[in-house]
Number of protein chains: 2
Amino acid sequence: MTQATLPGLTLCNNAMLRRATRKLGQFYDDVLAPSGLKATQQGLLYQIHIGDEPAMGAIAAALVMDLSALGHTLKPLIRDGYVETFADPDDRRIKRVRLTPQGLIKLDEAMKLWRVAQQRFEDMVGREQAARLRAALDDIAALDLDMPPAAT
Amino acid sequence: MTQATLPGLTLCNNAMLRRATRKLGQFYDDVLAPSGLKATQQGLLYQIHIGDEPAMGAIAAALVMDLSALGHTLKPLIRDGYVETFADPDDRRIKRVRLTPQGLIKLDEAMKLWRVAQQRFEDMVGREQAARLRAALDDIAALDLDMPPAAT
DNA sequence: TTCTGATAGCGGCATATGCCACTAAATTCA
DNA sequence: TGAATTTAGTGGCATATGCCGCTATCAGAA
């Protein structure tokens, strides 16, 4: 087995990112569990909250998320009455999103738990280190990784 | 709208991690597309390859992934004939995994593309910076984030 | 004004991931 | 040895995410 000399997947930026995301996601999810929300849902509610009745496209862009994926993710939140949508009167293609009163209450509840998770995590890795990490991740999300289509 | 003063979700370590993962995942997926594999699948095939017919539990542990999630993710790869499983003769609870010959060929093909993606990414953020990032992500994956059950 | 192209979302399909309940197999203990 | 416990996976259910093709709208050109 020559495999013994092959480098681990520790070298793959993408694999490491996914792995860390699984780990941290489980942690935040655990802490948020009492609220009944997943960390992704809490984050989405928050993103909607800090926006001014944002359009779906705007939310998707902010989260670097596929528009249809956002639509799917929104469904359980709409079903559970935390979020509602309405067509923009000036452009009926645009669907805007806002929290319902219950959604706002639920978000407050979840934010309390989020602070706990956030704090506990930063106690482990250090506030500075966490900030550096977030900055690096922000840079990645902002990268222009257009596929050079091997053209010309 | 007092929201204007609220901090963006840029402060959430978990949200930033997920966002960067979506971004990078799309990029690696795009580059890997000609192979027909997603980046997650390529990573999984590689992990299996570098192991010595690893048990599912061992793979899941290495990837910090839920065991049943691994089982689900493995299904398309088995269906497509890239991977096969077999019971460990010494402990029939354990199911070991290995690549099929076609799986090995497909992995080789995907690895070529992976190198392209990896290279292009590191050209953008810098080799050093990428290495630092991976190290930070590795630390996170290794964290002991057990929920203190608020117990005695 | 009508035809054409660009935008914003939706719905279907597929993979990624997790949790929970359940089964099978091995281990421990009385 | 036989019951209780632990370990390894499975299957079902639910969310997370993406891609593709389709529809409704809007904007700009003829």
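Letters A, B, ... mirror the listed sequences (proteins, then strands); counts begin at 1.
If you check distances only, the side chain of His72(A) does reach the base of dG18(D) with a donor-acceptor pair under 3.5 Å. Applying the 3.5 Å distance criterion, the base of dT7(D) shares a donor-acceptor pair with the side chain of Arg93(B).
Set against dA8(C), dC19(C), dC19(D), the side chain of Ser68(A) has dC19(D) as its closest nucleotide.
Side-chain atoms of Asp30(B) and Gln26(B) include no donor-acceptor pair closer than 3.5 Å.
Contact between the side-chain N/O atoms of Arg79(A) and the OP1/OP2 oxygens of dT15(D) is found at a separation under 4.0 Å. Put simply, Gln26(A) has no side-chain N or O that comes within less than 4.0 Å of OP1 or OP2 on dT17(C). One finds a side-chain N or O of Arg18(A) lying less than 4.0 angstrom from the OP1 or OP2 phosphate oxygen of dT17(C).
Between Leu32(A) atom CG and dG18(C) atom C1' the separation is 15 Å, expressed in whole Å. The nearest whole Å value for the distance from the CG atom in Asp91(A) to the P atom in dA6(C) is 17 Å. Put simply, CG on Asp90(A) is 16 Å from C1' on dT7(C), counting in whole angstrom units. The distance between atom NZ of Lys38(B) and atom C1' of dT17(D), rounded to the nearest whole Å, is 8 Å.
Note on Ile94(B): only backbone sugar-phosphate atoms sit closer than 4.0 angstrom, heavy atoms only; bases stay farther off.
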